2 protein chains.
Amino acid sequence: MTKIYLAEDQKMLNTALATLLGLEDDLDVIGTATDGNTALSEIVLKKPDVAILDIEMPKLSGLDVAQQIDVLKLTTKVIILTTFAKASYFEQAVDAHVNGYLLKDNPTDQLVQTIREVLDGKTVFSPELVTSILSAEKNPLTKREIDVLKEIKTGKNSKEIAKAVFLSDGTVRNYISSILSKTGTSSRIEALNIAEKNKWI
Amino acid sequence: MTKIYLAEDQKMLNTALATLLGLEDDLDVIGTATDGNTALSEIVLKKPDVAILDIEMPKLSGLDVAQQIDVLKLTTKVIILTTFAKASYFEQAVDAHVNGYLLKDNPTDQLVQTIREVLDGKTVFSPELVTSILSAEKNPLTKREIDVLKEIKTGKNSKEIAKAVFLSDGTVRNYISSILSKTGTSSRIEALNIAEKNKWI
DNA sequence: TCTATAATGTGACAAATGTCATATTAAGTC
DNA sequence: GACTTAATATGACATTTGTCACATTATAGA
């Protein structure tokens with residue numbers, strides 16, 4: 001009997017998947033959580049064979065949980081299950097040596113199949129994910145520009161951003177100018193819209 | 001046998017719920033869709049007893065589908081199933097005379113129970129939804145201010161907004177000034193953040 | 001009927017934003 | 001070793017943004 005742990009913060013999906021997976025006669029859902037902290041501690045305790053982790057959860061993200069599982073060298077196989085085909089998420093997942101990365105835009109069959117393949121020792125990435133990442137506009141922003149853009153998102157003005165990232169006000173404005181030119185926009189909000197659409201931040 | 005139609009654009013949840021509901025021996029899932037258009041035409045054709053509708057779907061929103069069902073005076077009972085406890089969504093749902101409004105932050109049992117209650121002729125609104133709406137900050141913005149704020153969101157500058165909403169540039173800036181004061185902010189981005197947090201736009 | 005409030009406008013002003021030219025230093029690449 | 005890019009900075013400038021005072025008209029409520 002394969003022991004499954006499921007971490008997913010949307011209860012409707014959490015309970016639905018727990019029930020469905022439990023119906024498979026070789027799978028046993030030994031626990032579920034709706035936040036990352038609970039998930040991590042229970043996974044450490046209960047040592048499931050497979051952990052299915054949503055990314056965006058309260059307290060600790062599924063990627064953080066995956067990373068901890070990797071660091072602690074647990075034998076638990078990890079499958080990330082998320083809505084987001086975002087390059088930076090995917091990279092983090094690969095860094096954490098996850099065994100699978102599946103989008104919620106797949107039917108449940110696919111999840112069951114992924115579980116089986118992962119148990120077989122395979123590593124499984126959603127084909128749509130790979131397509132989506134390969135076809136995505138490559139992020140042209142530098143690290144610091146991304147830092148600045150994230151501060152912009154919170155609504156800070158130039159001076160506040162400067163304080164937050166330890167730069168001069170002028171430098172921040174230069175970075176913003178550069179962000180605008182790279183995104184082909186002429187205001188902070190437009191730049192944010194473009195960057196979010198392309199999943200650069 | 002109660003005929004259920006399910007419209008939900010996230011395939012993982014769509015398939016999971018379809019399977020689960022199908023397991024109930026008095027319920028029969030006669031069709032599913034991942035967009036509003038398909039849902040509406042199939043509902044018109046197949047006349048299910050209950051339609052479960054997600055709100056944010058491609059082509060036609062669940063609220064639009066609900067409204068059409070109401071206008072066409074179909075006997076199909078409608079349950080809105082959504083992530084969003086947003087006052088304006090709820091109001092639209094009430095206007096469309098839906099029979100239930102359930103948040104995805106509920107377990108599947110709740111959905112099954114809601115289906116049964118709706119079939120019994122009851123009208124069911126998620127308690128968390130009601131709480132959330134009652135405890136929500138009431139939107140202090142006027143209609144025109146909301147119009148302007150929506151334009152701000154697209155990244156337009158004052159002149160462009162003025163054109164878009166047929167106002168003078170000065171008036172737009174006055175409205176923005178008023179929006180900022182009502183939201184207690186000092187920039188467009190902050191105002192957007194507050195308005196989105198409070199689900200005013 | 002009086003009184004808010006919404007919707008709309010103008011003009012003036014200070015502050016913030018965005019652009020540009022220019023510069024230094026460090027790191028990485030051919 | 002030359003070249004490019006990133007990271008950082010300054011100063012000057014034009015434009016945009018946000019504030020404020022003030023004004024008109026329409027409408028809804030007490």
Side-chain angles (χ1 to χ4, degrees), chain A residues 87-88 91 95 136-201, chain B residues 87-88 91 95 136-201:
Chain A
S88 69
E91 286 156 16
D95 287 349
E137 286 299 315
K138 190 166 144 288
N139 188 342
L141 305 176
T142 68
K143 165 133 192 356
R144 292 304 257 162
E145 287 165 354
I146 293 171
D147 291 343
V148 168
L149 195 48
K150 283 180 180 163
E151 296 297 332
I152 286 178
K153 191 176 175 187
T154 70
K156 290 193 180 72
N157 67 21
S158 306
K159 277 181 201 154
E160 290 164 341
I161 295 172
K163 269 187 197 161
V165 299
F166 306 106
L167 287 175
S168 78
D169 172 57
T171 302
V172 167
R173 275 157 51 219
N174 285 339
Y175 279 141
I176 294 175
S177 197
S178 166
I179 291 167
L180 297 182
S181 110
K182 286 178 177 179
T183 53
T185 58
S186 59
S187 76
R188 295 166 181 222
I189 297 180
E190 282 180 286
L192 274 178
N193 287 159
I194 294 284
E196 292 184 340
K197 195 182 70 188
N198 289 303
K199 295 162 189 154
W200 293 337
I201 54 168
Chain B
S88 69
E91 286 155 16
D95 287 347
E137 287 299 317
K138 190 167 144 287
N139 188 343
L141 305 176
T142 68
K143 163 131 194 356
R144 290 305 256 162
E145 287 165 353
I146 293 171
D147 291 343
V148 168
L149 195 47
K150 282 181 181 165
E151 296 297 332
I152 287 178
K153 192 176 175 187
T154 71
K156 290 193 180 71
N157 68 20
S158 307
K159 278 180 203 157
E160 291 164 340
I161 295 172
K163 268 187 199 162
V165 298
F166 307 104
L167 288 175
S168 78
D169 171 60
T171 303
V172 167
R173 273 153 58 217
N174 284 340
Y175 279 142
I176 295 174
S177 198
S178 166
I179 291 167
L180 297 181
S181 109
K182 286 178 177 179
T183 53
T185 58
S186 58
S187 75
R188 294 166 181 221
I189 298 180
E190 282 181 286
L192 273 178
N193 288 159
I194 294 284
E196 291 184 341
K197 195 181 72 189
N198 289 304
K199 295 162 191 151
W200 293 337
I201 56 168

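A, B, ... follow the sequence lines: proteins, then strands. Residue 1 opens every chain. All values derive from a computational prediction rather than experimental measurement.
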Using atom types as modelled, flag every donor-acceptor pair under 3.5 Å from a side chain in residues 194-201 of chain A to any protein atom, sequence neighbours excluded.
unit_1: A:Glu196; atom_1: OE2; unit_2: A:Lys153; atom_2: NZ; d: 3.1
unit_1: A:Asn198; atom_1: ND2; unit_2: A:Ile194; atom_2: O; d: 3.1
unit_1: A:Trp200; atom_1: NE1; unit_2: A:Glu137; atom_2: O; d: 3.2

Query raised in the report: Taking only residues two or more places apart in sequence, or in another chain, which ones meet B:Asn174 in a side-chain hydrogen bond (donor to acceptor under 3.5 Å, both in side chains)?
Result: none
**Report entry** Atom-pair distance (CG on A:Asn157; P on D:dG18), nearest Å
**Finding:** 11 Å
Report summary line: Heavy atoms of B:Glu190 and A:Gly155 approach each other most closely as CG-O, 3.4 Å
Report task. May I have the step-by-step check of side-chain contact (heavy atoms from CB on, under 4.5 Å) for B:Tyr175 and B:Val165, ending in yes or no? Result -> CA-CA 12 Å; B:Tyr175 279 142; B:Val165 298; over 6 Å; no
Report task. Using a cut-off of strictly less than 4.0 Å between a heavy atom of the residue and any atom of DNA chain C, enumerate the qualifying residues of residues 182-201 of chain B by number. Result -> none
Query raised in the report: Which value, rounded to the nearest 0.5 Å, describes the distance between B:Ile161 atom CD1 and B:Thr171 atom OG1?
Result: 12.5 Å
Report summary line: A:Ala164 and A:Lys156 have their tightest heavy-atom pair at CB-CE, 4.1 Å
Query raised in the report: Taking atom CD1 of A:Ile152 and atom OG of B:Ser187, what is their separation to the nearest 0.5 Å?
Result: 10.5 Å
Report task. For C:dT19, take OP1 and OP2 only and decide whether either is under 4.0 Å from a side-chain N or O of A:Ser181. Result -> no
Query raised in the report: Quick one: are B:Thr185 and B:Asn193 in side-chain contact, heavy atoms under 4.5 Å?
Result: no
**Report entry** Steps toward side-chain contact (heavy atoms from CB on, under 4.5 Å) verdict (A:Glu145, A:Thr183)
**Finding:** CA-CA 11 Å; A:Glu145 287 165 354; A:Thr183 53; over 6 Å; no
Where do N or O atoms of nucleotides 28-30 of chain C meet protein N or O atoms at under 3.5 Å, pair by pair?
none

Report summary line: Shortest non-hydrogen pair, A:Leu180 vs A:Ser186, comes out as CD1-C, 4.0 Å
Query raised in the report: Does B:Arg144 pair with B:Asp147 as a salt bridge, N-O distance under 4.0 Å?
Result: yes
Requested in this report: Give the minimum heavy-atom separation between A:Asn139 and A:Leu141, together with the two atoms involved.
Outcome: OD1-N, 2.8 Å
Query - side chain to side chain donor-acceptor pair (under 3.5 Å) partner of B:Ser158, chosen from B:Arg173, B:Glu151, B:Arg188 - result: B:Arg188
Query raised in the report: Tell me, which of residues 158-180 of chain B have any heavy atom that sits under 4.0 Å from an atom in DNA chain C?
Result: B:Leu167, B:Ser168, B:Gly170, B:Thr171, B:Arg173, B:Asn174, B:Tyr175
Report task. Could you tell me the separation between the NZ atom of A:Lys156 and the C1' atom of C:dT17, rounded to a whole number of Å? Result -> 18 Å
Report summary line: the helix from C:dT1-D:dA30 to C:dC30-D:dG1: angle between terminal helix axes, five bp per end, to the nearest 10 degrees, reads 50°
